[in-house]
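Please read the structure below before turning to the comments.
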Amino acid sequence: MRPGDADFLTLGPEDAARLTAVFRDAAGLALGEDARFSMERKLRERVIATGTESFAGYAALLRAASPEGRRELDEALDLVTTHETYFFREDYQLTAFRREIVPSLAAQTAATRRLTAWSAGCATGEEAYSIAALLCDAPALAGWDARVIGTDLSRRGIAAARRGIYGRGSFRTSPLLSASSVVEPHDDGSRVREHLQRMCRFSQLNLLDEGRAATLGRVEAVFCRNVLIYLVPEARKAVLGVLFDRLVPGGYLMLGHSESLLGDPGPFEPVQLSDALVYRRPMTDSDPKKRAR
Ligand SMILES: C[S@@+](CC[C@H](N)C(=O)[O-])C[C@H]1O[C@@H](n2cnc3c(N)ncnc32)[C@H](O)[C@@H]1O
């Protein structure tokens, strides 16, 4: 196949179904029939670059357990997922976190003066740094050891998060705190201030990987916003189980505005704050055997 041939590669319904199944099995992604043309556009160049010559061959490579197959699966997942994010997104919820949840968690963690928040599905890191800035600014946490863990499926996203340098698109809403308290000017845009970078640790993680998630330890708050909407129902349920297990009893879960659990909150307890609905791991689990990790 020669350069330029990519334009002639079309993704038929059968190969689209194969690829959809690969992405569903690997990361729980819900890519319907309507995703066929965007998959075709996004993955065409990868078919050429990998020399697999057809979408069927490419799907077979993604299924292969070889190092090359696994590397390419990372690449493909990165291309077919949505990484849209920006600083202080869904600010009404972050305001509620700052005003109502942080003081409650500070009371809960007073003995250790240690508080960890997890940005699960942090994309390029803006959410994790926004949380770090809010924790840093909270009077109730003065002198506390406050940390933020940021994880994402996307290797590239995690590399960008570690770099901590952002363009103007990352500041599309007015921040809850002055931008200058979060970032400083840099030749390539704005760089997250060093004390906030030190509070954050980033790593690549598939939220379906319960074993690796367990290595993060327990956290007091999880932000998993605008991630579950992209997953099939079984994966959503599995991810919620993973998040539940990582939370300390009394810890909070924040979801995106279109990801309500009210239909089935499972083991979580819905908590209506003044301006946001969040969820909490109960202080005592109703069925401790079910989730005793
Ligand atoms: C739209 S971004 C959300 C970013 C941020 N949480 C926010 O609300 O601004 C969704 C992110 O979820 C990640 N993602 C999707 N499926 C995942 C999975 N199974 N495990 C980990 N991350 C996943 C994607 O890589 C993407 O970066």
Side-chain angles (χ1 to χ4, degrees), residues 20-31 35 38-39 42 62 70 73-94 96-97 117-134 148-163 166-167 169-173 175-176 182 192 200 202-216 219 221-243 245-246 252-260 276 278:
T20 299
V22 169
F23 300 135
R24 186 196 56 227
D25 295 349
L29 299 185
L31 296 168
S38 78
M39 282 200 290
K42 290 172 179 172
L62 297 183
R70 278 197 292 269
L73 181 58
D74 262 5
E75 189 73 36
L77 286 168
D78 194 60
L79 288 168
V80 298
T81 41
T82 305
H83 305 289
E84 155 106 357
T85 188
Y86 43 93
F87 279 92
F88 299 104
R89 185 177 191 180
E90 301 190 17
D91 58 350
Y92 67 92
Q93 190 189 58
L94 293 177
F97 174 70
W118 177 19
S119 169
C122 68
T124 38
E126 289 91 328
E127 180 178 80
Y129 289 127
S130 303
I131 299 162
L134 292 175
V148 182
I149 301 168
T151 65
D152 199 275
L153 187 61
S154 165
R155 198 180 291 280
R156 253 189 230 130
I158 291 303
R162 287 188 180 134
R163 195 160 169 254
Y166 297 98
S170 292
F171 299 92
R172 69 193 76 162
T173 50
L176 289 180
V182 181
V192 174
C200 297
F202 293 99
S203 57
Q204 190 193 20
L205 176 80
N206 183 341
L207 288 169
L208 290 177
D209 188 341
E210 195 176 348
R212 276 223 45 227
T215 65
L216 301 179
V219 302
V222 177
F223 290 79
C224 186
R225 306 189 305 167
N226 308 299
V227 177
L228 299 181
I229 35 165
Y230 298 108
L231 305 185
V232 295
E234 312 83 75
R236 230 179 281 159
K237 194 163 180 221
V239 169
L240 284 167
V242 168
L243 304 181
D245 287 344
R246 289 304 96 227
Y252 289 86
L253 168 68
M254 270 61 64
L255 299 176
H257 70 279
S258 53
E259 298 170 315
S260 159
V278 299

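For ligands, and for the atoms within them, numbers begin at 1 and follow the listed sequence.
Checked by distance only, ligand 1 and Ala27 come closer than 3.5 Å through their nitrogen or oxygen atoms. Polar contact with ligand 1: present for Thr85 (N/O pair, distance under 3.5 Å). Here's the thing with Ala120: none of its N/O atoms is less than 3.5 angstrom from an N/O atom of ligand 1. Below 3.5 Å of separation, one finds no N or O of Tyr86 facing any N or O of ligand 1. At a 3.5 angstrom cut-off on N or O pairs, Leu29 does not count as close to ligand 1.
Atom CG of Leu73 is separated from atom CZ of Arg70 by 10.0 Å, given to the nearest 0.5 angstrom. To the nearest 0.5 Å, atom CZ of residue Arg89 and atom OG of residue Ser130 are 11.0 Å apart. Taking CD of Glu126 as the reference point, atom OH of Tyr166 lies at 4.5 Å (rounded to 0.5 Å). The CD1 atom of Ile131 sits 7.0 Å away from the CG atom of Leu94 when rounded to the nearest 0.5 Å. Expressed to the nearest 0.5 Å, how far CG of Leu205 lies from CD1 of Ile158 amounts to 8.5 Å.
If you number the atoms of ligand 1 from 1 as listed, the ones under 4.0 Å from a heavy atom of Ala123 come out as 4 (C), 27 (O). Counting atoms of ligand 1 from 1 in the listed order, those under 4.0 Å from a heavy atom of Arg225 are 3 (C), 5 (C), 6 (N), 7 (C), 8 (O). Counting atoms of ligand 1 from 1 in the listed order, those under 4.0 Å from a heavy atom of Leu205 are 20 (N), 21 (C). Taking a cut-off of under 4.0 Å to the non-hydrogen atoms of Thr82, the atoms of ligand 1 that pass are 1 (C), 2 (S), 10 (C), 11 (C), 26 (C), 27 (O). Each of the atoms 1 (C), 2 (S), 3 (C), 7 (C), 8 (O), 10 (C) of ligand 1 lies under 4.0 Å from some heavy atom of Asn226. The Asn206 neighbourhood of ligand 1 comprises atoms 18 (C), 19 (N), 20 (N), with distances under 4.0 Å to a heavy atom of that residue.
Closest heavy-atom approach to atom 11 (C) of ligand 1 within the set Asp152, Thr81, Leu255, Thr124: this belongs to Asp152.
The proximity of Glu127 to ligand 1, defined as any non-hydrogen pair under 4.0 Å, is limited to the side chain.
Among protein heavy atoms, the minimum distance from atom 12 (O) of ligand 1 is reached at Val227 CG2, 3.6 Å. Counting protein heavy atoms only, atom 7 (C) of ligand 1 is closest to Arg89 NH1, 3.3 Å. Remark: minimum distance from atom 5 (C) of ligand 1 to any protein heavy atom is reached at Gly121 O, 3.4 Å. The single protein non-hydrogen atom nearest to atom 22 (N) of ligand 1 is Leu153 N, 3.3 Å, given as residue, atom name and distance. Of all protein heavy atoms, the one closest to atom 20 (N) of ligand 1 is Leu207 N, 2.9 Å.
A donor-acceptor pair under 3.5 Å is formed between the side chain of Glu259 and the backbone N or O of Ile229. Using modelled atom types, one side-chain atom of Gln204 and one backbone atom of Leu153 make a donor-acceptor pair closer than 3.5 Å.
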Intermediate values then yes/no, salt bridge (charged side-chain N to carboxylate O under 4.0 Å, His left out), Glu84 and Arg172: CA-CA 12 Å; Glu84 155 106 357; Arg172 69 193 76 162; 3.1 Å; yes

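Salt-bridge check for Glu75 with Arg155: failed, with every basic side-chain N at 4.0 Å or more from each acidic carboxylate O. Using a 4.0 Å cut-off between charged nitrogen and carboxylate oxygen, Glu234 and Arg24 do not count as a salt-bridge pair.
In this structure, Tyr129 and Phe87 have parallel ring planes: the angle between them is below the 30° cut-off, well short of the 60° mark.
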